[in-house]
2 protein chains.
Amino acid sequence: MPNELDLFQGTLDILVLRALSHGPMHGYAVARWIREGSDGTFRILDGALYTSLHRMDEKGWIDAEWGTSERGKRARFYELTPAGRAELQQRASRWDRYVSAVALVMAAPARA
Amino acid sequence: MPNELDLFQGTLDILVLRALSHGPMHGYAVARWIREGSDGTFRILDGALYTSLHRMDEKGWIDAEWGTSERGKRARFYELTPAGRAELQQRASRWDRYVSAVALVMAAPARA
DNA sequence: AGTTGATACCATCAATGTTGAGGTATACGG
DNA sequence: CCGTATACCTCAACATTGATGGTATCAACT
């Protein structure tokens, strides 16, 4: 797919939080979820993915627990905490404001 | 203004290129342009601004020339090169695709 | 037995925005 | 006419975060 896009720094966490907002998942599933949910635009590299998960675990936005995947493999399941849910809300609205502001600038007419 | 937003890494250049697409400007004016054009959402810190300008100058997207500002001050005027104009196009469309992809993910329904 | 795919982790690197400090020159209030 | 604010530029140190690339385990399929 030549349609892939690299991530702008700061957006990965939002996508991950959003994936987890559908219920507990292991990292591999999160990556698949984001890839498929974005129609292949975002391929999530596990290097970045797990760092993001660990980061958010430390911040208390998600909880981690070892378990067994559908394929019978040892896998770590992540789940949103209430704080994580709140963080997702905040980040989502921040993202929306951001996108509007960029749109404003891009559409701005010439000024004196 | 508590409405200010920090920049996601990777977006500053687009805003700067867009500002310059209206004609040559010095750095200070670029910052003002972006701040006003975004209704105060983006306050551009000069540390980042001038680094961005120098970066893009090196890449050949903009040309720099010393001159005198409206206030009679020594100022450096930046102007888009054709390469810079092309870069702006590309980045703008990349940004649009990016925003759509994020929206896709954020709106994605739960999946198996 | 060997390869592929599922699943996780880590260290190093690169890009880029933030912070903060410094420098000059013009303008403007007192 | 002096001082302070404002216009304008530069740079170095730092923090965050995604990319790269290498490692490890184990199931399933050939």
Side-chain angles (χ1 to χ4, degrees), chain A residues 4-17 19 24-36 38 41-59 61-62 64-78 91 94-95 98 102, chain B residues 4-17 19 24-36 38 41-59 61-62 64-78 91 94 98 101-102:
Chain A
E4 283 173 13
L5 290 176
D6 279 356
L7 294 172
F8 283 89
Q9 282 197 193
T11 36
L12 178 54
D13 290 359
I14 313 186
L15 301 174
V16 173
L17 288 170
M25 262 183 244
H26 52 249
Y28 200 82
V30 168
R32 194 177 45 220
W33 166 278
I34 296 177
R35 179 163 33 79
E36 293 177 2
S38 68
T41 305
F42 302 131
R43 66 157 206 254
I44 304 303
L45 307 168
D46 52 344
L49 205 247
Y50 292 109
T51 316
S52 162
L53 286 168
H54 298 160
R55 186 159 66 217
M56 298 201 290
D57 189 13
E58 269 170 32
K59 298 236 178 121
W61 300 337
I62 60 185
E65 205 178 324
W66 284 103
T68 307
S69 78
E70 321 81 40
R71 302 289 212 289
K73 299 263 196 74
R74 150 186 164 287
R76 201 147 201 221
F77 287 81
Y78 296 92
R91 289 206 184 216
R94 183 164 120 74
W95 172 255
Y98 199 92
V102 171
Chain B
E4 283 174 13
L5 290 176
D6 280 355
L7 294 172
F8 282 88
Q9 281 198 195
T11 37
L12 178 55
D13 290 0
I14 313 184
L15 301 174
V16 173
L17 288 170
M25 265 183 241
H26 53 249
Y28 200 82
V30 169
R32 194 175 47 219
W33 204 87
I34 296 177
R35 179 161 34 79
E36 293 177 1
S38 68
T41 304
F42 301 131
R43 65 153 208 252
I44 305 303
L45 306 168
D46 45 352
L49 206 238
Y50 292 109
T51 317
S52 163
L53 287 168
H54 299 160
R55 186 160 65 219
M56 300 202 287
D57 188 13
E58 268 169 34
K59 299 238 175 117
W61 299 338
I62 60 185
E65 206 178 323
W66 285 104
T68 307
S69 77
E70 321 80 40
R71 303 288 212 288
K73 298 264 196 75
R74 151 184 163 285
R76 202 148 199 218
F77 286 82
Y78 296 92
R91 290 206 182 216
R94 182 164 120 74
Y98 198 91
V102 170

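Order of the sequence lines sets the chain letters (A, B, ...), proteins ahead of strands, with each chain counted from 1. As the structure is a computational prediction, the values presented were derived from the model and not from experiment.
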Peer 1: Let's see if you can work this out: which of D/dA19, C/dC9, D/dT10 has an atom nearest to the side-chain heavy atoms of A/Arg76?
Peer 2: C/dC9
Peer 1: Taking the minimum atom-to-atom distance to the side chain of B/Arg71, which one of D/dG18, D/dC8, C/dT7 wins?
Peer 2: D/dC8
Peer 1: Select base, sugar-phosphate, or nothing to describe what A/Asp46 touches, counting heavy atoms under 4.0 Å on all strands.
Peer 2: base
Peer 1: Using a heavy-atom cut-off of under 4.0 Å over every strand shown, decide if B/Ala48 touches base, sugar-phosphate, or nothing.
Peer 2: base
Peer 1: Students often get this wrong, so: under 4.0 angstrom with heavy atoms, is A/Thr11 touching a base, only sugar-phosphate, or nothing?
Peer 2: sugar-phosphate
Peer 1: Between B/Leu15 and B/Leu7, which heavy-atom pair has the shortest distance, and what is it?
Peer 2: CD1-CD2, 4.2 Å
Peer 1: Please name the pair of heavy atoms, one in B/Val16 and one in B/Ile34, separated by the smallest distance, quoted to 0.1 Å.
Peer 2: N-CD1, 3.9 Å
Peer 1: Kindly give the heavy-atom pair with the smallest separation between A/Arg43 and A/Glu4, and that separation in Å.
Peer 2: NH1-OE1, 2.9 Å
Peer 1: Compute the bend angle of the helix from C/dA1-D/dT30 to C/dG30-D/dC1 from the end axes (five pairs per end), rounded to 10°.
Peer 2: 10°
Peer 1: Would you indicate what A/Gly27 reaches in the nucleic acid, counting non-hydrogen atoms under 4.0 angstrom: base, sugar-phosphate, or nothing?
Peer 2: sugar-phosphate
Peer 1: Reckon B/Ser52 touches a base, only the sugar-phosphate, or nothing at all at heavy-atom distances under 4.0 Å?
Peer 2: nothing
Peer 1: So what does A/Thr51 hit on the nucleic acid, given a heavy-atom distance under 4.0 Å: a base, only sugar-phosphate, or nothing?
Peer 2: nothing
Peer 1: If you find the nucleotide of DNA chain D closest to A/Ile44 and the one closest to A/Arg74, which residue's nucleotide is nearer the 5' end?
Peer 2: A/Ile44
Peer 1: Assess whether one donor atom and one acceptor atom, taken from the side chain of A/Lys73 and the base of C/dA6, lie less than 3.5 Å apart.
Peer 2: yes
Peer 1: Could you check whether the side chain of A/Gln9 and the base of D/dT16 have a donor-acceptor pair of N or O atoms closer than 3.5 Å, going by distance alone?
Peer 2: yes
Peer 1: Could you say whether B/Gly47 or A/Asp13 is positioned toward the 5' end of DNA chain D, judged by the nucleotide with the nearest heavy atom to each?
Peer 2: B/Gly47
Peer 1: What nucleic acid atoms does A/Tyr78 come within less than 4.0 Å of, heavy atoms only: base, sugar-phosphate, or nothing?
Peer 2: sugar-phosphate
Peer 1: Could you pull out all residues at least two apart from A/Arg55 that satisfy salt bridge (charged side-chain N to carboxylate O under 4.0 Å, His left out)?
Peer 2: A/Asp13
